[in-house]
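Numbers restart at 1 for each chain; the letters A, B, ... are given by sequence-line order, proteins then strands.
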Amino acid sequence: MSSLQISNAAKAYGAVPILDNINLDIASGEFVVFVGPSGCGKSTLLRMISGLEDITAGEMRLDDRVINHVDPAKRGIAMVFQSYALYPHLTVFENMAFSLTMARAPMAERKEKVERAAEILRLTHLLDRRPAQLSGGQKQRVAIGRAIVRQPKVFLFDEPLSNLDAELRVQMRAELIQLHQRLRATMIYVTHDQVEAMTLADKIVVLNGGRIQQVGRPLDLYDDPDNKFVAGFIGTPTMNFLSARVKDVAADHIVVSGLGGDTAAAGLVIPFAGFDPSIREIQLGIRPEHATIAIDPASAEGLAAKVTLVEELGDLTSVHTVLANGERLVAQNHGRRHSGAIETVVRIAADKALVFDMAGQRLRPAKA
Amino acid sequence: MSTTVTPAATLSSASASIASRRSVSIATILKWLVAICVAIVAVFPIWWMFNVVFSHPGVPISINPRLYPTSLSAGLNNILTIFTETDYLRAYYVSVMYTLLTIIGILLFSSMAAFEFAQFQFPGKNLLFGIVMISLMVPKAVTIIPTYLLTVQLGWLNTMQGLVVPGLASAFGLFMLIQFMKSIPAEMIEAARLDGANHFQIYWHVAIPLSKNALITLAILTFMSTWGNYIWPLIVAPSPTMYTVGQVVGLFNAPYSHTTVDIVMTANLLAAVPPLIFFLIFQRQIVEGIAHSGTKG
Ligand SMILES: Nc1ncnc2c1ncn2[C@@H]1O[C@H](COP(=O)(O)OP(=O)(O)OP(=O)(O)O)[C@@H](O)[C@H]1O
Ligand SMILES: [Mg+2]
């Protein structure tokens with residue numbers, strides 16, 4: 001149980017910057033998930049924390065001790081690799097006891113610690129097997145067991161579930177949550193799967209292009225993203241982005257027009273206190289759940305849209321449409337099936353729309 | 001194997017299916033014939049040796065050739081003669097030590113060097129590797145005299161270390177093990193590092209066990225080339241006390257040796273026994289190893 005502070009950390013391979021200006025506070029016992037697209041530097045950051053990769057600039061503290069130059073084995077950090085990295089020539093027991101064997105711990109201690117970890121992970125009956133005789137999920141548990149045996153201050157997981165099939169992944173996710181509750185250890189988990197991030201995390205760190213985009217609780221990121229990247233990355237189907245012109249600015253709302261290239265429409269009133277009147281062009285972020293297909297297109301107010309694809313999931317119907325100017329918009333009907341119409345009207349819950357500037361930064365209303 | 005089903009056979013007419021079965025069996029017979037021919041060519045010299053050794057003394061083989069042994073006691077007598085009248089046992093000892101120490105040394109040094117080359121970066125790595133590769137291309141005949149002179153200067157003529165040490169730097173072994181160890185996943189090494197294994201422990205507990213197959217292959221290839229090595233022992237250990245089996249056999253085979261052909265053959269047969277035993281034990285690994293490394297020792 002330990003806290004970790006990273007300040008102004010950076011990483012470069014030669015002249016190529018990979019990570020820049022990383023600032024992060026991880027409290028003791030927290031479950032933190034790093035999420036971001038492939039190549040954004042998640043693994044690199046994790047490996048810097050583990051000590052397998054040295055840090056080019058900045059500082060890393062574990063329990064107020066600077067660990068920049070501490071040997072990886074002495075940081076009290078254990079890592080679970082995506083490929084499991086189990087030793088094929090050793091049994092499950094020997095794999096889990098590897099760190100103790102290296103430290104020449106007495107056999108009784110090895111047995112006790114491994115058996116305790118095996119019990120937590122329900123591996124007791126597999127201790128004599130070799131990794132080749134295990135299923136993917138079992139291998140993953142052995143890899144976690146090897147980490148538990150070390151009783152580390154911090155657990156690091158690098159996409160540990162990505163080699164498992166969908167069903168097993170859900171099951172292992174639940175097990176990881178239980179494990180975290182049981183061990184109360186600080187855990188840092190890397191994934192590019194935002195569902196995994198949302199379900200596991202106390203705190204999500206969204207990375208893109210080597211920079212932290214936003215840090216926050218899962219639902220905070222969903223409801224209140226800092227920028228277009230976070231807004232688009234969290235949530236499926238992804239948020240719709242529509243460019244719009246600001247027609248009118250009032251004290252507590254703005255009126256936008258030109259949505260989807262529809263010049264004739266009267267404009268959409270969006271509650272927004274203290275809008276900067278110098279901004280003329282914006283992008284509106286609208287979650288699919290806040291856009292619905294009008295039941296009676298003839299009389300309804302909204303955006304004219306042409307349906308291109310309908311995804312029927314039973315309870316939920318996602319309707320993919322294209323607007324007059326070619327922008328795409330996904331709407332959802334809850335509990336209502338699509339009528340089959342091609343020409344439709346989409347209604348937008350204007351009070352739920354998020355406003356971004358053209359650079360993709362979120363514009364937030366002034367606090368009342 | 002030609003187990004392909006011909007279109008005719010799929011018609012399920014009785015004659016067609018018989019025809020196809022016959023064509024399969026003809027192919028099988030041919031295959032076996034070829035295999036048996038090759039086996040006869042390979043085994044015959046050894047069998048002939050055996051045949052000559054275990055034959056009645058005084059009946060010249062060349063005049064009245066037979067393909068079967070005729071006298072067990074004569075053969076045993078020949079063997080006894082060799083062991084009592086020559087230093088054959090001593091030569092066995094020298095050869096076995098020479099081979100064993102060379103195998104152990106090559107495995108140890110090659111694997112340690114290969115571990116560094118395959119998994120770590122260090123200054124001058126590419127240059128060093130280049131030098132190793134160049135030495136792989138230089139024929140043995142070119143280096144044997146300088147190596148000999150060096151050994152002489154070290155005062156190692158007629159010593160076991162003179163026989164063994166110069167052969168321990170195996171560019172081929174290094175190259176083979178580097179290629180193999182490169183395939184050890186970096187994550188496995190990193191996991192061991194996080195688990196507190198030091199450099200040597202990673203080598204010993206991770207790299208070595210994971211390279212077991214390559215090491216066995218290298219051991220077998222080294223055995224074959226060392227046991228059969230004639231030139232090096234001949235020049236570096238010319239004293240009779242340091243004769244290897246190969247040299248002793250060479251003495252018997254020399255044009256002016258006054259021994260009879262059955263004694264010569266006995267010496268040859270005894271020299272062939274250890275490799276035969278070795279081959280019978282490691283048959284599977286040898287075949288796999290040669291297929292794996294693409295070399296024949
Ligand atoms: N040893 C290296 N030398 C140079 N560049 C590297 C090295 N390792 C990684 N990179 C680069 O660093 C960037 C970040 O890599 P990293 O492995 O951290 O990505 P990631 O976020 O984990 O991606 P993924 O989801 O695909 O695992 C990538 O652009 C990669 O090309
Ligand atoms: Mg990665």
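- Heavy atoms from other residues, nucleotides or ligands lying under 6.0 Å from NE2 of A:His125 number more than 12.
- Using a 4.5 Å cut-off between heavy atoms, B:Ala186 makes no contact with chain A at all.
- The shortest heavy-atom contact between B:Gln201 and A:Met102 is NE2-O, 3.2 Å.
- Annotation: B:Trp156, atom CH2; neighbour count of heavy atoms from other residues, nucleotides and ligands within 6.0 Å is above 12.
- Proximity to chain B is absent for every atom of A:Arg75, based on heavy atoms less than 4.5 angstrom apart.
- Atom CD of B:Gln179 has more than 12 neighbouring heavy atoms from other residues, nucleotides or ligands inside a 6.0 Å radius.
- For the pair A:Met79/B:Glu190, no side-chain contact is recorded, criterion being any heavy-atom separation below 4.5 Å from C-beta on.
- Distance alone, capped at 3.5 Å, places no donor-acceptor pair between the A:His89 side chain and the B:Lys212 backbone.
- For A:Leu90, no part sits under 4.5 Å from any heavy atom of chain B, backbone or side chain.
- Counting heavy-atom pairs closer than 4.5 Å to chain B, the top-ranked of the candidates A:Ala78, A:Ala103, A:Ala85 is A:Ala85.
- Within 6.0 Å of the CG atom in A:Asp128, the count of heavy atoms belonging to other residues, nucleotides or ligands does not exceed 12.
- A 6.0 Å sphere centred on OH of B:Tyr230 holds more than 12 heavy atoms belonging to other residues, nucleotides or ligands.
- We find the OH-CG distance between A:Tyr87 and B:Asp195 to be 5.0 Å, quoted to the nearest 0.5 Å.
- Smallest separation of non-hydrogen atoms from A:Ala73 and B:Gly196: CB-CA, 3.5 Å.
- For chain A, the option among B:Met188, B:Arg193, B:Glu187 with the highest count of heavy-atom pairs below 4.5 Å is B:Glu187.
- A donor-acceptor contact shorter than 3.5 Å links the side chain of A:Arg150 to the backbone of B:Leu194.
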